[in-house]
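Below you'll find the structure, written out as structure tokens, and then a few comments.
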Amino acid sequence: MKTIDAVDALLRPVVTQMGYELDEVEFIKEHGNWVLTLYIEKPDSTVTLDDCEAVSRAVDPILDEADPIEQAYYLSVSSIGIDRPLKKERDYERNLGNRITAKLYAPQKGKKEFTGELTAYDEASFTLNIDGSEMKILRKDASSVKPYIDFNSLATVDINDNYFDNIEIEEENE
């Protein structure tokens, strides 16, 4: 059994019981160190730093006891993020009815990038409504499919006086 499959089978029930979905388990080498990353999601898509910390604290002793990974590694728990690429069926399901951007390997209709509402999908293709016209794209033809993010419409963060109260500052001693 692959490492990620073993970790997934071990931790999925725990993460689910906590009210989260274990979206993906990733085990990769970054900058010379192995990193085990658990990507979590909540039904309302509002994963916070506190949520990540809670899951990390809950699964760490389970990983230590079961010891499914031979080498040393760092544990990371993260949200799937607002711009997570659509790879799996549940990614397409989550974005059905939303605007997405598809980048293609080769041009179609003279373009390599299309943004539109995801209106349908199956295992081989997805359909976008682009300004009232339907366009079917084969998944194998898309190099990247992501949720469309209109940064101009995002609300600005209201930073008040106590916004930074919980941040610890570490001073460097010389």
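These figures come from a predicted structure and were not determined experimentally. Atoms considered below: every heavy atom in the structure, side chains included; atoms not considered: hydrogens, waters and symmetry mates.
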Between atom CZ of F27 and atom CG of L75, what is the distance when rounded to the nearest 0.5 Å? 11.0 Å
Determine whether T101 and F114 make a side-chain contact, defined as any pair of heavy atoms from C-beta on separated by less than 4.5 Å. no
Please report the closest heavy-atom contact between L10 and A66, naming both atoms and the distance. CD2-CB, 3.6 Å
Run the numbers on E26 and L36 for side-chain contact (heavy atoms from CB on, under 4.5 Å), then give the verdict. CA-CA 6 Å; E26 182 180 75; L36 174 67; over 6 Å; no
Below 4.5 Å, heavy atoms only, C-beta onward: do V77 and T37 meet side chain to side chain? no
Residue pairs passing the side chain to side chain donor-acceptor pair (under 3.5 Å) test with at least one member in residues 54-81, sequence neighbours excluded, are E53-R57
What verdict does the side-chain contact (heavy atoms from CB on, under 4.5 Å) test give for L128 and E117, after you've listed the backbone C-alpha separation in whole Å, the side-chain angles of each residue and the deciding distance to 0.1 Å? CA-CA 5 Å; L128 297 180; E117 179 186 341; over 6 Å; no
Would you check if L38 and V59 make a side-chain contact, meaning some heavy-atom pair closer than 4.5 Å? yes
Side chains of E123 and R139: closer than 4.5 Å at any heavy-atom pair? no
Between I80 and V7, is there shared hydrophobic-cluster membership here, with clusters defined by ILVMFWY side-chain heavy atoms closer than 4.5 Å? no
Smallest heavy-atom separation, A142 atom then V145 atom, equals CB-CG2, 3.7 Å
Looking only at heavy atoms, which two atoms of A58 and M18 are closest? And how far apart? CB-SD, 3.5 Å
Minimum-distance pair of heavy atoms, taken over all atoms of G116 and I130: CA-CG1, 4.1 Å
Tell me whether D8 contacts the main-chain N or O of D5 through its side chain, where contact means a donor paired with an acceptor under 3.5 Å. no
How about NZ on K136, more than 12 heavy atoms from neighbouring residues, nucleotides or ligands closer than 6.0 Å, or not? no
If two hydrophobic side chains count as joined below 4.5 Å and joins carry through other members, does Y39 share a cluster with V15? no
Spatial distance of atom OG1 (T115) from atom NZ (K146) [nearest 0.5 Å]: 12.5 Å
May I ask you to say whether D23 pairs ionically with R90, meaning some side-chain N is under 4.0 Å from a carboxylate O? yes
Member of L96, L86, I100 meeting the side-chain contact (heavy atoms from CB on, under 4.5 Å) criterion with F126: I100
When you measure from the side chain of R12 to the backbone of L22, do you find a donor-acceptor pair of N or O atoms at a distance under 3.5 Å? yes
Taking K88 first and then E21, would you say they form a salt bridge - that is, a charged N and a carboxylate O separated by under 4.0 Å? no
Would a single hydrophobic cluster contain both V14 and I4, if residues Ile, Leu, Val, Met, Phe, Trp and Tyr are joined by side-chain heavy-atom contacts under 4.5 Å? yes
Looking only at side-chain N and O atoms, does T46 offer a donor or acceptor that is under 3.5 Å from a partner on D44? yes
What I want to check is whether the side chains of Y20 and D51 have a donor and an acceptor closer together than 3.5 Å. yes
Residues two or more places apart in sequence or in another chain: which of them pass ring pair (Phe, Tyr, Trp, His ring centres under 6.0 Å) with Y121? Y92
Could you check whether any side-chain heavy atom of V47 comes within less than 4.5 Å of a side-chain heavy atom of E41, counting everything from C-beta outward? yes
Check whether any side-chain heavy atom of I137 sits under 4.5 Å from a side-chain heavy atom of S125, and report yes or no. no
Got a donor-acceptor contact below 3.5 angstrom from the N95 side chain to the N98 backbone? no
Following the transitive rule for hydrophobic clusters with a side-chain heavy-atom cut-off under 4.5 Å over Ile, Leu, Val, Met, Phe, Trp and Tyr, establish whether I40 and I62 coincide in one cluster. yes
Is L104 linked to Y148 within one hydrophobic cluster, defined over Ile, Leu, Val, Met, Phe, Trp and Tyr using a side-chain heavy-atom separation of less than 4.5 Å? no
Thinking salt bridges, do D91 and K87 make one under a 4.0 Å N-O criterion? no
